[in-house]
Amino acid sequence: MHVYGASRIAATCSTGKLEFLRKLGVDFPIDYTKENFEELSEKFDLVYDTVGEAERALKAVKEGGKAVTIVPPGVPPAIFFVLTSKGSILDKLRPFFENGKVKPILDPLTPVPFSQVVQAFSYLQTAKATGKVVVYPIP
Ligand SMILES: NC(=O)c1ccc[n+]([C@@H]2O[C@H](COP(=O)([O-])OP(=O)(O)OC[C@H]3O[C@@H](n4cnc5c(N)ncnc54)[C@H](OP(=O)(O)O)[C@@H]3O)[C@@H](O)[C@H]2O)c1
């Protein structure tokens, strides 16, 4: 939102995380267990799909807008995007982390010792994590 200058943010989550999204600054939290975001009358300039439902994302995009998915294979014209963390991107993000406008969200299980990396992945697969699970220290 702050990085790309978006004026209004909608985001999906299950019922128990609606308040969490509001606290993060989401203007329009959508409970995906109760509403189909692509059926809302409001359409969006950019839809970022983290679920692997690019067809639904495309239906929620305004004319001239874009859908980006991070879950392969993606459905054209949705763009499949692989996240990277090279230095130039981290440099661009640094001021937002430093002034607190972008907050990394780490699951309370974090940090997980390397010896429990398998359990950490199993936990992620339960879809119950809130944010990232960081394995530390890396040997
Ligand atoms: N291409 C890449 O570079 C890249 C990088 C990282 C991850 N990935 C992939 O991206 C996917 C998401 O990873 P993540 O770490 O972002 O997961 P995440 O933190 O769990 O985020 C997924 C979000 O989508 C919500 N959601 C779940 N089911 C939904 C549905 N049916 N409709 C709408 N919203 C729904 C979840 O809400 P609740 O938590 O309330 O269910 C959660 O807010 C994974 O498949 C991962 O492998 C790809």
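These figures come from a predicted structure and were not determined experimentally. In this chain, residues are counted from 1 in sequence order.
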Q. Any link between Leu106 and Leu109 through a network of hydrophobic side chains (Ile, Leu, Val, Met, Phe, Trp, Tyr) touching at under 4.5 Å?
A. no
Salt bridge (charged side-chain N to carboxylate O under 4.0 Å, His left out) filter on Glu38, not counting sequence neighbours, yields Arg56
Practice problem: Tell me, yes or no, whether the heavy-atom count around Phe97 atom CZ, taken from other residues, nucleotides or ligands under 6.0 Å, exceeds 12. | Solution: yes
inquiry  = Is any side-chain heavy atom of Glu35 closer than 4.5 Å to one of Leu40?
reply    = yes
In short, Phe28 meets Glu42 closest at the heavy-atom pair CE2-OE1, 3.7 Å
Check: Do other residues, nucleotides or ligands put more than 12 heavy atoms under 6.0 Å from Arg94 CZ?
Finding: no
Distance col, row Asp91:CG vs Leu93:CG, nearest 0.5 angstrom, shows 9.0 Å
Gln125 meets the side-chain hydrogen bond (donor to acceptor under 3.5 Å, both in side chains) criterion, sequence neighbours left out, with none
*Joint hydrophobic cluster, Val134 plus Val117, side-chain heavy atoms closer than 4.5 Å*: no
Taking every heavy atom of Pro73 against every heavy atom of Phe80, the minimum-distance pair comes out as O-CB, 3.9 Å
For Ala120 and Val133, the nearest pair of non-hydrogen atoms, with its separation, is CB-CG1, 4.1 Å
Flag the pair Leu24 / Ile105 as yes when at least one side-chain heavy-atom distance between them is below 4.5 Å, and no otherwise. yes
From the list Val61, Val68, Thr69, side-chain contact (heavy atoms from CB on, under 4.5 Å) partner of Val47 resolves to Val61
| query | Between the main-chain N or O of Lys59 and the side-chain N or O of Lys43, is there a donor-acceptor pair closer than 3.5 Å? | reply | yes
Note: Asn99 and Phe96 closest approach over all heavy atoms is OD1-O, 3.0 Å
Check for me, please, whether Phe121 and Tyr136 land in the same ILVMFWY cluster - side-chain distances under 4.5 Å, paths through other members count. no
Rounding to 0.5 Å, atoms CG (Asn36) and CD1 (Ile30) come to a distance of 10.5 Å
Heavy atoms of Lys34 and Thr15 approach each other most closely as NZ-CG2, 3.9 Å
Those residues at least two apart in sequence (or on a different chain) that pass salt bridge (charged side-chain N to carboxylate O under 4.0 Å, His left out) with Glu98 are none
> Is the shortest heavy-atom distance from the side chain of Tyr48 to the side chain of Ile70 under 4.5 Å?
Replying inline: yes
Report task. Indicate yes or no for a side-chain donor-acceptor contact from Asp45 to the backbone of Gly65 under 3.5 Å, with no hydrogens or angles considered. Result -> no
OH of Tyr32 to SG of Cys13, rounded to nearest 0.5 Å, is 8.0 Å
When you measure from the side chain of Asp107 to the backbone of Thr130, do you find a donor-acceptor pair of N or O atoms at a distance under 3.5 Å? yes
Taken to the nearest 0.5 Å, the spacing of Ser88 OG from Leu90 CG works out to 8.0 Å
Is the backbone N or O of Lys132 less than 3.5 Å from a side-chain atom of Thr110, with the two atoms forming a donor-acceptor pair by type?
yes
The reported gap from CG in Leu21 to CD1 in Ile9 (rounded to nearest 0.5 angstrom) is 11.0 Å
Please determine whether the number of non-hydrogen atoms from other residues, nucleotides or ligands lying under 6.0 Å from atom NZ of Lys17 exceeds 12. yes
Look at atom CD of Glu19 and say whether more than 12 heavy atoms of other residues, nucleotides or ligands are closer to it than 6.0 Å.
yes
